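Taking it in order: structure first as structure tokens, then the write-up.
Numbers restart at 1 for each chain; the letters A, B, ... are given by sequence-line order, proteins then strands. As the structure is a computational prediction, the values presented were derived from the model and not from experiment. Scope of the values below: all heavy atoms of this structure, side chains included, with no hydrogens, waters or symmetry mates.
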Amino acid sequence: TQLLEQSPQFLSIQEGENLTVYCNSSSVFSSLQWYRQEPGEGPVLLVTVVTGGEVKKLKRLTFQFGDARKDSSLHITAAQPGDTGLYLCAGAPTSGTYKYIFGTGTRLKVLA
Amino acid sequence: DTEVTQTPKHLVMGMTNKKSLKCEQHMGHRAMYWYKQKAKKPPELMFVYSYEKLSINESVPSRFSPECPNSSLLNLHLHALQPEDSALYLCASSQETGSAYEQYFGPGTRLTVT
């Protein structure tokens, strides 16, 4: 069974601080998506990483896919209150089922 | 445009009621999904439709009945639900099924079963 563990589970930081969220698995994924979800809303796709070692930037957010395509990280620089939300990684299996494997989630709160 | 719409936004229903959730996308996507999300948990896949045909049912109880009337619409018919079915129900779509295609989610329907 493929699992995606995210760490930390919860994070409360002050505005302006930097943070990194990790998404780890023992399985290989063909691609990995990162989503942000606000309470009572659906997940919003932030980025998709496909190639091992790939780095993508989205304003203050930097996403990296591990060389072996088993893990990923999300780094936020100078966090803002608007970054508050649930961050979910979701891995697409390499073969067979096309059922996304969702990570356990990281709940981020940025205090003004 | 990467918008998936869902109605209603909120739904309260009794255990003997019949109701339906609706989902619509106009991105030309041929794969559509229903997910269930409990509080503070990641979404759990319920059903997958590919080219308007049901391709995955994740052992969902028969009180949930999906329907895909056309390539843009996806319904979830609800009947005789239990209080533990209260959750956020999310619809998603992708260009096709398969790991190469990103899923886009709707805003969800918050369902409360009383």
Pick from B:Glu44, B:Gln6, B:His10, B:Lys9: which one has the most heavy-atom pairs with chain A under 4.5 Å? B:Lys9
Using the ring centroid of each side chain, check whether A:Tyr100 and B:Tyr33 are separated by less than 6.0 Å. no
Do the side chains of A:Ile76 and A:Ile13 join up, straight or via other hydrophobic residues, at under 4.5 Å, putting them in one cluster? yes
Same cluster or not: B:Leu74 versus B:Leu54, using hydrophobic residues (I, L, V, M, F, W, Y) connected whenever any side-chain heavy atoms lie under 4.5 Å apart? yes
Considering residues, nucleotides and ligands other than B:Lys18, do more than 12 of their heavy atoms fall under 6.0 Å from its NZ? no
Closest heavy-atom pair and its distance - A:Glu41, B:Leu88: O-CD2, 3.7 Å
Does some side-chain heavy atom of A:Tyr35 sit less than 4.5 Å from a side-chain heavy atom of B:Gln103? yes
Can you hop from B:Tyr89 to B:Leu11 via hydrophobic side chains spaced under 4.5 Å? yes
Between the CD atom in B:Gln37 and the CZ atom in A:Phe102, the distance rounded to the nearest 0.5 Å is 8.5 Å
More than 12 heavy atoms of other groups within 6.0 Å of B:Lys19 NZ: no
Any side-chain heavy-atom pair of B:Pro42 and A:Leu86 under 4.5 Å: no
Chain B: which of A:Ser31, A:Pro39, A:Pro43, A:Gly40 shares the most heavy-atom pairs with it under 4.5 Å? A:Pro43
Could you tell me which of A:Gln33, A:Gln37, A:Gln9 has the largest number of non-hydrogen atom pairs under 4.5 Å with chain B? A:Gln37
B:Tyr35 portion near chain A, given a 4.5 angstrom heavy-atom threshold: side chain
Establish whether B:Val12 and B:Met15 are linked, either directly or via other cluster members, by ILVMFWY side-chain heavy-atom contacts under 4.5 Å. no
Check the hydrophobic clustering (I, L, V, M, F, W, Y; side-chain heavy atoms under 4.5 Å; chains of links allowed) and say if A:Val49 and A:Leu58 are grouped together. yes
Measuring heavy-atom distances to chain B, does A:Thr48 have an atom under 4.5 Å in its side chain, in its backbone, in both, or in neither? both
